[in-house]
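Presented below is the structure to which this report refers.
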Amino acid sequence: MNYWLFKSEPDEYSINDLAAEPSGSGCWDGIRNYQARNILRDQVREGDFVFFYHSSCKVPGVAGTAIVTRGAYSDPAQFDKQSKYYDEKSTADKPRWFCVDLSFKSRFKEVVSLKTLKATPALSEMMLLKQGRLSVQPVTADEWRKILQMAKP
DNA sequence: GCCAACGTTGGC
DNA sequence: GCCAACGTTGGC
(Lines give C-alpha, C1' and ligand atoms only; values in the text may rest on other atoms or scores of the structure.)
Protein backbone atom coordinates (compact mmCIF):
# COMPACT_ATOMS: atom_id res chain seq x y z
CA MET A 1 0.00 0.00 0.00
CA ASN A 2 1.33 3.38 -1.01
CA TYR A 3 0.84 7.10 -0.54
CA TRP A 4 0.48 9.71 -3.25
CA LEU A 5 -0.12 13.37 -3.77
CA PHE A 6 -2.50 14.36 -6.57
CA LYS A 7 -2.82 17.95 -7.71
CA SER A 8 -5.96 19.62 -8.87
CA GLU A 9 -6.98 23.18 -9.50
CA PRO A 10 -9.90 23.74 -7.12
CA ASP A 11 -11.62 25.90 -9.74
CA GLU A 12 -11.71 22.79 -11.93
CA TYR A 13 -12.18 20.07 -9.34
CA SER A 14 -11.77 20.56 -5.61
CA ILE A 15 -11.88 18.32 -2.55
CA ASN A 16 -15.46 19.54 -2.08
CA ASP A 17 -16.37 18.39 -5.57
CA LEU A 18 -14.99 14.96 -4.77
CA ALA A 19 -16.87 14.89 -1.46
CA ALA A 20 -20.07 15.81 -3.29
CA GLU A 21 -19.89 13.03 -5.89
CA PRO A 22 -23.22 11.20 -5.69
CA SER A 23 -21.58 7.78 -6.07
CA GLY A 24 -19.07 8.68 -3.38
CA SER A 25 -16.20 8.39 -5.80
CA GLY A 26 -14.94 10.38 -8.76
CA CYS A 27 -12.78 9.76 -11.78
CA TRP A 28 -9.35 11.39 -11.63
CA ASP A 29 -8.86 12.09 -15.33
CA GLY A 30 -7.19 14.56 -17.61
CA ILE A 31 -3.61 13.59 -16.80
CA ARG A 32 -1.65 14.53 -19.93
CA ASN A 33 1.91 14.35 -18.72
CA TYR A 34 3.94 11.22 -19.33
CA GLN A 35 5.77 11.13 -16.02
CA ALA A 36 2.49 11.48 -14.13
CA ARG A 37 0.84 8.99 -16.49
CA ASN A 38 3.52 6.38 -15.85
CA ILE A 39 3.17 6.67 -12.09
CA LEU A 40 -0.61 6.50 -12.36
CA ARG A 41 -0.56 3.50 -14.69
CA ASP A 42 2.26 1.48 -13.17
CA GLN A 43 2.25 2.22 -9.48
CA VAL A 44 -1.04 3.58 -8.17
CA ARG A 45 -3.19 0.72 -6.86
CA GLU A 46 -6.64 0.28 -5.42
CA GLY A 47 -6.49 0.92 -1.68
CA ASP A 48 -3.65 3.48 -1.87
CA PHE A 49 -4.02 6.74 0.03
CA VAL A 50 -3.93 10.12 -1.64
CA PHE A 51 -3.33 13.68 -0.50
CA PHE A 52 -5.63 15.98 -2.43
CA TYR A 53 -3.56 19.05 -3.28
CA HIS A 54 -5.04 22.34 -4.43
CA SER A 55 -2.85 24.15 -6.95
CA SER A 56 -3.07 27.47 -8.80
CA CYS A 57 -5.26 29.03 -6.18
CA LYS A 58 -5.15 31.52 -3.34
CA VAL A 59 -3.68 29.14 -0.76
CA PRO A 60 -2.00 26.23 -2.52
CA GLY A 61 -1.57 23.16 -0.32
CA VAL A 62 -2.94 19.82 0.87
CA ALA A 63 -6.70 20.11 1.31
CA GLY A 64 -7.63 16.60 2.39
CA THR A 65 -7.30 12.90 1.73
CA ALA A 66 -8.85 10.32 -0.56
CA ILE A 67 -8.53 6.63 -1.24
CA VAL A 68 -8.01 4.96 -4.61
CA THR A 69 -11.08 2.82 -5.32
CA ARG A 70 -10.09 1.69 -8.81
CA GLY A 71 -6.62 1.35 -10.30
CA ALA A 72 -5.56 2.71 -13.68
CA TYR A 73 -7.94 2.32 -16.61
CA SER A 74 -8.16 3.97 -19.99
CA ASP A 75 -9.20 7.63 -19.64
CA PRO A 76 -12.50 7.98 -21.55
CA ALA A 77 -11.90 11.68 -22.17
CA GLN A 78 -9.12 10.94 -24.65
CA PHE A 79 -11.70 9.55 -27.11
CA ASP A 80 -14.21 12.35 -26.64
CA LYS A 81 -13.86 14.89 -29.43
CA GLN A 82 -15.76 17.44 -27.38
CA SER A 83 -13.36 17.15 -24.46
CA LYS A 84 -10.34 19.35 -24.04
CA TYR A 85 -8.54 16.15 -23.14
CA TYR A 86 -9.26 14.58 -26.54
CA ASP A 87 -6.18 12.96 -28.10
CA GLU A 88 -6.44 11.96 -31.75
CA LYS A 89 -3.45 9.66 -31.41
CA SER A 90 -5.15 7.43 -28.85
CA THR A 91 -6.90 4.23 -29.90
CA ALA A 92 -9.10 1.91 -27.89
CA ASP A 93 -6.58 -0.93 -27.94
CA LYS A 94 -3.64 1.41 -27.41
CA PRO A 95 -4.79 4.16 -25.08
CA ARG A 96 -2.22 6.77 -24.21
CA TRP A 97 -3.82 8.13 -21.08
CA PHE A 98 -5.15 6.64 -17.90
CA CYS A 99 -7.23 7.66 -14.95
CA VAL A 100 -8.09 6.21 -11.54
CA ASP A 101 -11.13 6.49 -9.31
CA LEU A 102 -10.91 8.25 -5.97
CA SER A 103 -13.22 8.19 -3.00
CA PHE A 104 -13.37 11.10 -0.60
CA LYS A 105 -11.88 10.35 2.81
CA SER A 106 -11.36 13.59 4.72
CA ARG A 107 -11.22 17.34 4.33
CA PHE A 108 -8.80 19.28 6.50
CA LYS A 109 -10.26 22.11 8.52
CA GLU A 110 -7.50 24.26 7.11
CA VAL A 111 -5.41 23.60 4.04
CA VAL A 112 -1.86 22.60 5.00
CA SER A 113 -0.32 25.27 2.84
CA LEU A 114 2.67 24.98 0.58
CA LYS A 115 4.22 27.73 2.66
CA THR A 116 3.88 25.59 5.80
CA LEU A 117 5.20 22.51 4.04
CA LYS A 118 8.26 24.47 2.92
CA ALA A 119 8.85 25.67 6.46
CA THR A 120 8.81 22.13 7.90
CA PRO A 121 12.30 20.60 8.06
CA ALA A 122 10.96 17.02 8.20
CA LEU A 123 9.39 17.58 4.78
CA SER A 124 12.37 19.15 3.06
CA GLU A 125 12.84 16.05 0.88
CA MET A 126 9.25 16.02 -0.38
CA MET A 127 9.03 15.64 -4.11
CA LEU A 128 6.54 18.47 -4.17
CA LEU A 129 9.26 20.82 -3.02
CA LYS A 130 11.88 19.35 -5.37
CA GLN A 131 9.91 19.08 -8.57
CA GLY A 132 7.00 21.41 -8.28
CA ARG A 133 5.31 20.72 -11.57
CA LEU A 134 4.57 17.03 -11.35
CA SER A 135 0.84 16.44 -10.79
CA VAL A 136 1.02 12.86 -9.48
CA GLN A 137 3.80 12.08 -7.08
CA PRO A 138 4.81 9.65 -4.34
CA VAL A 139 4.67 10.54 -0.66
CA THR A 140 6.62 8.56 1.95
CA ALA A 141 4.91 7.02 4.98
CA ASP A 142 6.78 9.48 7.21
CA GLU A 143 5.65 12.44 5.15
CA TRP A 144 2.09 11.14 5.19
CA ARG A 145 2.06 10.87 8.98
CA LYS A 146 3.72 14.24 9.43
CA ILE A 147 1.26 16.11 7.25
CA LEU A 148 -1.73 14.41 8.90
CA GLN A 149 -0.29 15.54 12.24
CA MET A 150 -0.05 19.09 10.97
CA ALA A 151 -3.62 19.15 9.69
CA LYS A 152 -6.13 20.45 12.16
CA PRO A 153 -8.50 17.62 13.11
C1' DG B 1 -0.04 38.97 -15.18
C1' DC B 2 4.75 37.59 -14.78
C1' DC B 3 8.17 34.35 -15.11
C1' DA B 4 11.02 30.18 -13.87
C1' DA B 5 11.23 25.54 -14.64
C1' DC B 6 10.26 22.27 -16.96
C1' DG B 7 8.02 19.29 -21.11
C1' DT B 8 6.98 18.73 -26.08
C1' DT B 9 7.52 19.42 -30.95
C1' DG B 10 9.71 19.50 -35.16
C1' DG B 11 13.47 20.85 -38.36
C1' DC B 12 17.83 19.39 -39.48
C1' DG C 1 19.83 12.57 -31.72
C1' DC C 2 20.36 17.58 -31.01
C1' DC C 3 18.47 21.76 -29.92
C1' DA C 4 15.68 25.96 -30.64
C1' DA C 5 11.15 27.40 -30.31
C1' DC C 6 7.13 26.99 -28.22
C1' DG C 7 3.64 25.44 -24.67
C1' DT C 8 2.26 24.43 -19.86
C1' DT C 9 2.40 24.44 -14.91
C1' DG C 10 2.02 26.74 -10.93
C1' DG C 11 3.86 29.93 -7.33
C1' DC C 12 3.99 34.62 -6.44
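Order of the sequence lines fixes the chain letters, A, B, ..., with proteins taken first and strands second; residue numbering starts at 1 for each chain. Keep in mind it's a predicted model, so treat the numbers as computed, not measured.
Within 4.0 Å of A:Ser56, counting heavy atoms only, lies at least one base atom of the nucleic acid. A:Lys58 comes within 4.0 angstrom of nothing in the nucleic acid, heavy atoms only.
Distances shown here put every side-chain N or O of A:Gln137 at or beyond 4.0 Å from the OP1 or OP2 atom of C:dT9. When the side-chain nitrogen and oxygen atoms of A:Tyr53 are compared with OP1 and OP2 of C:dG11, one or more of them lie within a distance under 4.0 Å. An OP1 or OP2 oxygen of B:dA5 is reached within less than 4.0 angstrom by no side-chain nitrogen or oxygen of A:Lys130. Residue A:Gln35 has a polar side-chain atom (N or O) positioned under 4.0 Å from OP1 or OP2 of B:dG7. At the phosphate of C:dG10, OP1 or OP2 sits under 4.0 Å from a side-chain N or O atom of A:Lys7.
Using bins of under 30°, 30° to 60° and over 60° for the plane-to-plane angle, the ring pair A:Trp28/A:Phe52 lands in the perpendicular bin. Between A:Trp144 and A:Phe49, the ring planes lie tilted relative to each other; the angle falls in the 30° to 60° range.
Atoms CG (A:Leu114) and P (C:dT9) sit 18 Å apart, rounded to a whole Å. Atom P of nucleotide B:dT8 and atom NZ of A:Lys89 are separated by 12 Å, given to the nearest angstrom. When the C1' atom of B:dC6 is taken as reference, atom CG of A:Asn33 falls 10 Å away, rounded to whole Å.
You'll find that the side chain of A:Tyr34 is closest to B:dT8, out of C:dG10, B:dT8, C:dC12. Residue A:Arg133 places its side chain closer to C:dT9 than to any other of C:dT9, C:dC12, B:dT8.
A:Arg37 has no carboxylate O lying under 4.0 Å from a charged side-chain N of A:Asp75, or vice versa, which leaves the two without a salt bridge.
You'll find the side chain of A:Tyr53 stays beyond 4.5 Å of the side chain of A:Val112, heavy atoms only.
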